[in-house]
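Everything below concerns the one structure shown next.
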Protein chains: 2
Amino acid sequence: MNKWAKWTESIGPLSPNVVSTRVRLARNFTGLPFPGTMRTEQAMEVVARIHAIVANAQGHLGAKAMRILVLPELPVTDRLALVESHLISPDFANKREGAVALAEDQSVVIMVNEEDHVRIQCLLAGLQLEEAWHLASEADDWLDGKGNFSFHEDYGYLTACPTNVGTGLRASVMLHLPVLTMTNQIDKVIATIGQLGLMARGLYGEGTQAAGHMFQVSNQVTLGFSEEELIRNLKAVIEQIVAQERLMTRNVVAQDRMRILDRVHRSLGLMLGARVLNSNEAMSLLSDIRLGVSAELINLPSNVLTELMVLAKPHVLQTECGEALDAFGRDVKRAELLRERLQIALQSNEGGL
Amino acid sequence: MNKWAKWTESIGPLSPNVVSTRVRLARNFTGLPFPGTMRTEQAMEVVARIHAIVANAQGHLGAKAMRILVLPELPVTDRLALVESHLISPDFANKREGAVALAEDQSVVIMVNEEDHVRIQCLLAGLQLEEAWHLASEADDWLDGKGNFSFHEDYGYLTACPTNVGTGLRASVMLHLPVLTMTNQIDKVIATIGQLGLMARGLYGEGTQAAGHMFQVSNQVTLGFSEEELIRNLKAVIEQIVAQERLMTRNVVAQDRMRILDRVHRSLGLMLGARVLNSNEAMSLLSDIRLGVSAELINLPSNVLTELMVLAKPHVLQTECGEALDAFGRDVKRAELLRERLQIALQSNEGGL
């Protein structure tokens with residue numbers, strides 16, 4: 001089990017089509033400049049305030065036991081593994097003044113001195129927008145105390161970048177949409193999403209092609225709506241996209257069952273056979289296997305596939321096996337770990353080739 | 001088990017590098033023109049003579065129980081399955097006056113009215129040149145009786161095509177040479193073979209590329225040497241080629257074990273995963289798996305792979321499942337049969353992915 005991806009341990013609602021939900025709140029303390037323009041002592045002051053709040057609550061934030069990780073004290077592989085596990089943002093990993101307050105159950109992650117002083121993030125499996133929003137909001141209340149955070153009567157929360165002003169909320173959902181992609185309907189879906197004040201982008205992919213058929217859909221507007229409205233709107237759109245993906249999956253399987261079965265089982269066969277496996281190929285094979293779960297052609301808990309998707313990343317892989325590896329060494333280790341875990345999951349579900 | 005390929009039931013010497021050995025003798029009755037120029041009644045007369053010889057010996061030829069198949073009476077799928085199983089030649093399958101005398105154990109096949117009146121063939125697994133020659137020679141003695149066959153004191157046996165005059169013997173060996181092919185040494189090997197009075201050609205392949213890395217090596221000269229000399233010469237060359245393939249296999253595995261393991265197990269995974277499989281891909285996957293057996297990376301009896309190679313052929317496949325199928329139907333059935341048989345073989349050898 002990847003120590004930085006507890007969120008992959010459970011199967012969330014609308015799995016396997018919805019992989020994960022993230023809600024993020026941007027907050028800044030009053031009386032201090034934004035991270036982009038502040039001095040080192042001021043950054044240290046921000047870290048100290050978070051430390052003090054958590055320490056005063058005996059290491060807790062509400063019901064959540066917390067620990068503080070000071071980024072420069074973590075090995076670089078661990079920091080990059082945190083990025084690859086979706087707990088922190090890529091730019092943040094090398095921030096000298098960065099710190100992370102992390103709930104023991106990893107459901108709440110607070111990035112300190114990212115673009116804003118405080119970014120509260122909740123990451124949950126499947127579609128859990130209200131749940132993630134409530135968790136984030138609870139952490140926000142504890143951190144804000146008697147009004148620590150800059151808040152303007154007209155504009156709402158003030159943030160370093162104007163696109164976050166207002167609620168400071170960004171809610172995003174990671175979707176697996178292989179059939180909408182295969183049937184060339186994904187571009188239309190993405191365009192429609194844009195017209196609804198939302199944004200969709202391929203994940204992990206280089207260029208336009210989304211590797212592993214993964215897409216992230218999030219709200220673009222943060223101002224002028226309440227948090228509940230933003231969440232409700234995003235949720236409705238996601239449910240519609242998933243319904244469309246599922247309908248198309250049923251259609252494609254009905255029309256061309258043997259071809260889909262062939263695709264899914266070939267990828268399963270390659271995953272179990274490969275002894276050298278790069279991360280792009282791993283993503284693509286896992287996507288096909290995930291499609292097999294979605295189409296009910298193979299019996300596997302989808303969170304195992306999410307776990308393996310994260311485990312396939314180079315730094316997670318290295319933290320997992322506890323040694324630094326060159327590219328070929330990683331490809332060999334990736335093949336080995338993914339094969340072993342997939343075999344265990346298949347056996348305990350009486351699945352297989 | 002394919003009813004026309006009993007020779008695949010055993011594992012012969014120098015397996016899996018040597019797939020099979022065939023010895024063929026060309027003979028013609030005195031007093032009748034060669035098949036190319038004879039009238040239908042004369043062709044019928046040839047069939048009648050073979051019939052009579054076998055009938056007089058109470059359905060036997062020496063120790064072998066025989067049965068006679070009249071080609072036009074066989075369904076076309078069976079005739080083509082005989083070709084695909086290597087029991088008869090392609091041109092012969094549609095010969096109106098053709099008949100086959102077949103030993104119950106299929107080790108001796110006599111084509112009647114092919115290019116010559118009689119072509120005695122022995123097909124055995126692995127490298128068994130002397131054994132095949134003795135079997136053929138025994139059948140020859142029984143058929144020749146007190147001198148039925150045209151024989152010239154100076155030239156030896158007379159045949160329709162001058163390239164067969166003399167011994168009338170063609171001995172050929174089917175070799176699997178994946179590593180000599182992969183390391184680009186096969187062209188040099190083929191050129192050397194040519195200089196030794198032998199001939200090598202890719203099997204099943206279109207153009208220059210031999211599908212499944214299969215090559216057939218046979219004697220080109222039939223005149224001026226005794227049968228024993230021809231057989232001894234061919235055997236020595238084959239043993240040398242196999243030694244070279246085996247040495248290269250050990251080298252390649254020593255240098256690049258993980259890459260070879262990856263290739264072999266990916267092909268095994270695809271073979272177990274595929275639900276739609278054309279015959280070219282089947283040949284190529286079986287070749288990689290066979291390489292795995294040769295390199296001692298997987299544990300499987302190599303004759304199973306030979307069986308599957310023959311079973312993958314379109315007409316054998318259809319005789320096997322007892323129904324006529326279109327191309328897609330064959331690809332589905334091929335995937336199914338090959339997967340099932342491979343799984344059984346893996347299970348009984350405790351092998352697998």
Side-chain angles (χ1 to χ4, degrees), chain A residues 252-253 255-278 281-282 284-293 295 297-300 325-347 350-353, chain B residues 252-253 255-278 281-282 284-293 295-298 300 325-347 350-353:
Chain A
V252 165
V253 171
Q255 282 161 28
D256 223 354
R257 185 181 174 81
M258 203 45 87
R259 293 273 178 211
I260 302 289
L261 208 59
D262 184 55
R263 177 177 179 146
V264 166
H265 279 86
R266 278 173 180 260
S267 291
L268 192 57
L270 278 174
M271 186 64 105
L272 294 174
R275 294 304 189 261
V276 184
L277 187 65
N278 69 37
E281 189 184 1
S284 150
L285 297 178
L286 286 169
S287 173
D288 284 345
I289 301 172
R290 197 173 190 100
L291 166 60
V293 173
L297 299 174
I298 50 176
N299 189 23
L300 261 182
L325 296 165
D326 64 7
F328 184 73
R330 287 199 298 275
D331 289 352
V332 169
K333 201 71 189 174
R334 181 179 293 113
E336 183 187 318
L337 287 184
L338 268 56
R339 176 174 70 252
E340 285 172 3
R341 305 225 176 158
L342 193 57
Q343 260 164 347
I344 292 168
L346 285 168
Q347 275 156 16
E350 288 170 21
L353 285 169
Chain B
V252 164
V253 171
Q255 283 161 28
D256 223 354
R257 186 182 173 82
M258 203 45 87
R259 293 272 178 212
I260 301 290
L261 209 58
D262 185 55
R263 176 177 179 145
V264 166
H265 279 85
R266 277 173 181 259
S267 290
L268 192 57
L270 278 173
M271 186 64 105
L272 293 174
R275 295 305 190 260
V276 184
L277 187 66
N278 69 36
E281 189 185 2
S284 150
L285 298 178
L286 286 169
S287 173
D288 285 345
I289 302 171
R290 196 173 190 100
L291 166 60
V293 174
E296 297 179 359
L297 299 174
I298 49 175
L300 260 182
L325 295 165
D326 64 8
F328 184 74
R330 286 198 300 272
D331 289 352
V332 170
K333 202 70 189 173
R334 181 179 293 113
E336 183 188 319
L337 287 184
L338 267 56
R339 176 173 70 254
E340 286 172 2
R341 305 222 176 160
L342 194 57
Q343 260 164 346
I344 292 170
L346 284 168
Q347 275 156 16
E350 288 168 23
L353 285 169

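Numbers restart at 1 for each chain; the letters A, B, ... are given by sequence-line order, proteins then strands.
Looking only at distances, no side-chain donor or acceptor of Arg259(A) sits under 3.5 Å from a matching main-chain atom of Val276(B). Listed for the Arg275(B) side chain is no donor-acceptor partner under 3.5 Å among the backbone atoms of Ile260(A).
Residue Ala274(B) comes nearest to Arg266(A) through the heavy atom pair CB-NH2, 3.6 Å, listed as atom of the first residue, atom of the second, then distance.
Of the two parts of Leu268(B), neither the backbone nor the side chain holds a non-hydrogen atom closer than 4.5 Å to a non-hydrogen atom of chain A. Of the two parts of Arg263(B), neither the backbone nor the side chain holds a non-hydrogen atom closer than 4.5 Å to a non-hydrogen atom of chain A.
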